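The structure displayed is predicted, hence computed values, not measured ones. Each chain gets a letter, A, B and so on, in the order its sequence line appears, and its residues count up from 1.
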There are 2 protein chains.
Amino acid sequence: MTASMSEAIEPIRTAVVDEDGIDFALIELFFFAYRDFTSDPDEILADYGFGRAHHRVLHFVNRRPGLTVAELLDVLKITKQSLARVLKQLIDTGHIVQVQGPRDRRQRELYPTAKGRALALDLARPQSRRIAQALQDSGQGFDVSERACVERFLKAMVNPELRAQIDILPHESR
Amino acid sequence: MTASMSEAIEPIRTAVVDEDGIDFALIELFFFAYRDFTSDPDEILADYGFGRAHHRVLHFVNRRPGLTVAELLDVLKITKQSLARVLKQLIDTGHIVQVQGPRDRRQRELYPTAKGRALALDLARPQSRRIAQALQDSGQGFDVSERACVERFLKAMVNPELRAQIDILPHESR
DNA sequence: GAATTACGTCAATAGTGCTGACATAATTTG
DNA sequence: CAAATTATGTCAGCACTATTGACGTAATTC
């Protein structure tokens with residue numbers, strides 16, 4: 001764990017620049033943007049003793065009511081054990097209910113309750129406000145649809161094999 | 001922690017839709033995009049026994065060589081204690097060196113070593129590739145600069161009071 | 001000289017992720 | 001029908017990143 005040898009290791013005093021296809025500017029903008037984007041719901045969640053994991057579960061159960069546990073794991077790309085804790089808490093607090101699968105009785109379909117729906121909307125509100133404001137602030141005014149541009153870009157950033165999953169989720173226009 | 005009362009809580013069977021200014025579509029796209037975006041460097045970091053916190057520190061020390069500890073804390077918005085561990089590891093492994101501040105000897109200026117610069121570039125490479133590919137895939141071809149649009153949007157998503165900090169960082173065009 | 005600042009460190013805690021193992025019930029397969 | 005597989009739940013233990021609060025030291029400022 002120690003720096004090899006005893007000679008002084010030379011500090012590099014020049015900043016890295018965006019060269020050779022290295023895009024530090026967008027990399028760090030993405031970091032800052034996502035951090036502030038998630039900070040909005042974080043404050044609300046804290047009041048419930050919940051964290052981001054709860055938010056994500058609540059979000060997707062609201063977006064796809066009747067999801068099974070396996071499907072949810074596949075969307076979130078986490079393990080059963082990681083999901084178990086947060087899902088149990090959301091069920092115990094009456095935000096989500098489990099319903100035995102109609103065809104396959106081993107499955108548990110997950111549905112939001114009115115309480116769970118309300119919380120999901122409360123969490124989405126400040127994030128939506130931030131997005132709307134950002135689109136408005138950054139829009140060029142003209143014909144160019146900032147929203148369409150951003151939506152295309154974000155989707156293209158997702159691993160190709162996962163894009164099919166996204167298309168399952170409800171969307172307004174398209 | 002238990003759902004109040006004994007009556008069955010009704011599951012809501014309809015999916016939430018994007019209405020009343022709620023933008024679920026972009027919210028979840030942002031989640032998916034950021035998750036995959038960070039998965040690239042995560043694999044490399046694992047080889048070093050490092051995590052995302054190490055990546056962030058290494059990134060900003062490379063972007064602003066000579067940063068003091070206090071400045072780094074201000075950029076990352078974490079506590080001294082959270083930084084301490086990861087910074088110590090990066091110093092012990094010879095990725096970052098501390099130099100006593102020239103004016104104020106209490107300060108420790110942080111600089112990357114050649115090793116630290118190399119790792120920062122290795123981590124930025126797959127992320128930059130993903131961004132470039134996404135911009136290309138999503139670009140409309142025409143005159144519209146997808147990159148400019150995305151950069152404006154991401155910057156507008158950041159809390160206004162923090163945007164000044166971003167402008168300090170080196171950038172190519174602008 | 002006293003207060004403040006910059007930094008380091010210690011102890012304790014929380015949230016979220018992981019692996020591996022095991023149990024149960026239901027469905028599918030041979 | 002018996003056996004294998006699948007869907008889910010649960011237990012134990014671990015890792016990483018973050019938190020708060022407290023304390024110490026050295027350097028600077030007032």
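By the 30° and 60° cut-offs, the orientation of the rings of B:Y34 relative to B:F37 is tilted. Under the 30°/60° scheme for interplanar angles, the aromatic rings of B:Y48 and B:H95 are found to stand perpendicular.
In this structure, A:E109 places its CD atom 13 Å from P of D:dG9, rounding to the nearest Å. Rounded to an integer number of Å, the gap from CG of A:L73 to C1' of C:dT19 is 15 Å. Atoms CG (A:L76) and C1' (C:dG15) sit 16 Å apart, rounded to a whole Å. If you take NZ of B:K77 and C1' of D:dT20, they are 18 Å apart, rounded to a whole angstrom. The interatomic distance linking A:L90 (CG) with D:dG9 (C1') rounds to 16 Å, in whole Å. The distance from atom NZ of B:K80 to atom C1' of D:dT17 is 18 Å, rounded to the nearest whole Å. Separating the CD atom of B:Q100 from the C1' atom of C:dG8 is a distance of 14 Å, rounded to the nearest angstrom. Atom OH of B:Y48 and atom P of D:dC16 are 17 Å apart (whole Å).
Counting any heavy atom pair closer than 4.0 Å across all strands shown, A:Q98 reaches sugar-phosphate atoms only and no base atom. Here B:R52 lies in heavy-atom contact (under 4.0 Å) with sugar-phosphate atoms only. In this structure, A:H54 reaches the sugar-phosphate backbone alone: every heavy-atom distance under 4.0 Å involves primed, P, OP1 or OP2 atoms, never a base.
You'll find the ring centres of B:Y111 and B:F60 outside the 6.0 Å limit. Aromatic ring centres of A:F30 and B:F30: separated by under 6.0 Å.
Of the residues near DNA chain C, A:D104 and A:A53, the one whose nearest nucleotide (by heavy atom distance) lies more toward the 5' end is A:A53. The residue among A:R103 and A:R85 whose nearest nucleotide of DNA chain C lies closer to the 5′ end is A:R85.
Under the side-chain hydrogen bond (donor to acceptor under 3.5 Å, both in side chains) test applied with B:D23, the options A:Q127, A:R125, A:R147 reduce to a single match, A:R147.
Listed candidates were C:dC18, C:dT9, D:dT8. Nearest to the side chain of B:A84 is C:dT9. In the set C:dC18, D:dA27, D:dT8, C:dC18 carries the atom at the smallest distance from any side-chain atom of A:Q81. Listed candidates were C:dA26, D:dT28, C:dG17. Nearest to the side chain of B:R106 is D:dT28.
An OP1 or OP2 oxygen of C:dG17 is reached within less than 4.0 angstrom by no side-chain nitrogen or oxygen of A:T79. Taking 4.0 angstrom as the limit, B:R108 places a side-chain polar atom (N or O) nearer than this to OP1 or OP2 of C:dG8. Proximity of A:S82 to the phosphate of C:dT16: no side-chain N or O atom is located under 4.0 Å from OP1 or OP2. Regarding contacts with the backbone of C:dT24, every side-chain N or O of A:R105 stays at 4.0 angstrom or more from both OP1 and OP2.
Residue A:V75 comes nearest to B:R35 through the heavy atom pair O-NH1, 3.0 Å, listed as atom of the first residue, atom of the second, then distance.
A:K88 contributes no side-chain N or O that forms a donor-acceptor pair with the base of D:dG9 under 3.5 Å.
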